[in-house]
Amino acid sequence: MIEAKNIVESEEVKNKLNELKQLTDRVEKNLINMNSLITETVGQNVGVWDGESANQFRSDWNKIENEIPSYLKIFQKQVINIEGMLEKTQQENNQS
């Protein structure tokens with residue numbers, strides 16, 4: 001009887017995991033920077049973007065801003081999930 005094994009390319013997974021971590025960090029930094037820029041300039045009567053359309057955008061952005069932490073948590077959770085899967089796979093391979 002042939003024994004079936006799950007084969008995981010550990011190095012490839014590690015590379016992708018590192019990419020995901022880097023992209024998550026970049027997304028977080030970019031969202032923080034974008035939020036700061038919007039908060040400081042849109043609808044603030046500083047001459048960048050004022051008026052009714054700016055106020056409407058700012059209102060819509062405030063709703064999105066509240067959701068940003070949940071978006072980041074999704075990425076961070078997937079990093080943890082992949083790390084756990086990789087660790088378990090490596091343990092299994094070491095026991096074989």
Side-chain angles (χ1 to χ4, degrees):
M1 181 181 283
I2 297 175
E3 182 180 330
K5 290 186 177 184
N6 291 329
I7 298 174
V8 174
E9 297 291 334
S10 296
E11 287 307 311
E12 184 68 24
V13 173
K14 286 179 187 177
N15 290 338
K16 294 299 178 185
L17 183 61
N18 286 332
E19 280 183 49
L20 183 57
K21 287 178 181 179
Q22 290 172 356
L23 291 171
T24 300
D25 288 343
R26 285 175 54 192
V27 167
E28 181 176 20
K29 288 175 187 171
N30 287 335
L31 287 172
I32 289 169
N33 290 338
M34 186 168 44
N35 185 55
S36 293
L37 183 63
I38 290 168
T39 301
E40 294 169 8
T41 61
V42 175
Q44 295 298 310
N45 296 320
V46 294
V48 175
W49 184 12
D50 297 311
E52 186 58 38
S53 64
N55 292 336
Q56 182 59 51
F57 176 83
R58 180 75 183 260
S59 176
D60 292 342
W61 176 256
N62 288 341
K63 294 173 190 168
I64 294 170
E65 176 189 11
N66 292 329
E67 297 174 7
I68 290 173
S70 64
Y71 298 147
L72 295 173
K73 284 180 183 177
I74 290 169
F75 283 106
Q76 293 162 346
K77 183 176 181 179
Q78 293 312 310
V79 166
I80 291 168
N81 289 341
I82 294 169
E83 286 174 331
M85 181 273 307
L86 187 58
E87 184 179 315
K88 286 179 184 178
T89 303
Q90 288 174 334
Q91 288 173 354
E92 286 292 321
N93 289 342
N94 292 338
Q95 291 175 1
S96 300

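Hydrophobic clustering of Ile, Leu, Val, Met, Phe, Trp and Tyr side chains at less than 4.5 Å, counting indirect connections, unites Met85 with Leu17. Under the 4.5 Å side-chain heavy-atom criterion for Ile, Leu, Val, Met, Phe, Trp and Tyr, Ile38 and Ile64 are members of the same hydrophobic cluster.
We find the CG-CG distance between Leu23 and Asn30 to be 10.5 Å, quoted to the nearest 0.5 Å. Rounding to the nearest 0.5 angstrom, the gap separating the CG atom in Leu86 from the CD atom in Glu11 is 9.0 Å.
No donor-acceptor pair closer than 3.5 Å links the side chain of Ser59 to the backbone N or O of Asn55. Using modelled atom types, one side-chain atom of Asp50 and one backbone atom of Gly47 make a donor-acceptor pair closer than 3.5 Å.
Applying the side chain to side chain donor-acceptor pair (under 3.5 Å) test to residues at least two apart or on different chains, the pairs with a partner in residues 61-75 are Asn35-Trp61, Asn35-Glu65, Glu67-Tyr71. Pairs of residues two or more places apart, or lying in two chains, that qualify as salt bridge (Lys or Arg N to Asp or Glu O under 4.0 Å) and include a residue from residues 15-40 are Lys16-Glu19, Lys21-Glu83. Among residue pairs with one or both ends in residues 28-49, those qualifying as ring-ring contact (aromatic ring centres under 6.0 Å, His included) are Trp49-Phe57; sequence neighbours excluded.
By the side chain to side chain donor-acceptor pair (under 3.5 Å) test, Gln78 is found to be paired with no residue, residues two or more places apart in sequence or in another chain being considered. Applying the side chain to side chain donor-acceptor pair (under 3.5 Å) rule to Asn81 yields no partners; only residues at least two apart in sequence or on another chain are considered. Partners of Leu31 by side-chain contact (heavy atoms from CB on, under 4.5 Å), not counting sequence neighbours, listed by chain and number: Val27, Met34, Ile68, Leu72.
What you find for Gly43 and Ala54 is that their closest heavy atoms are N-CB, 3.9 Å.
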Could you walk me through whether Arg58 and Thr39 pass the side-chain contact (heavy atoms from CB on, under 4.5 Å) test, one step at a time? CA-CA 8 Å; Arg58 180 75 183 260; Thr39 301; 3.6 Å; yes

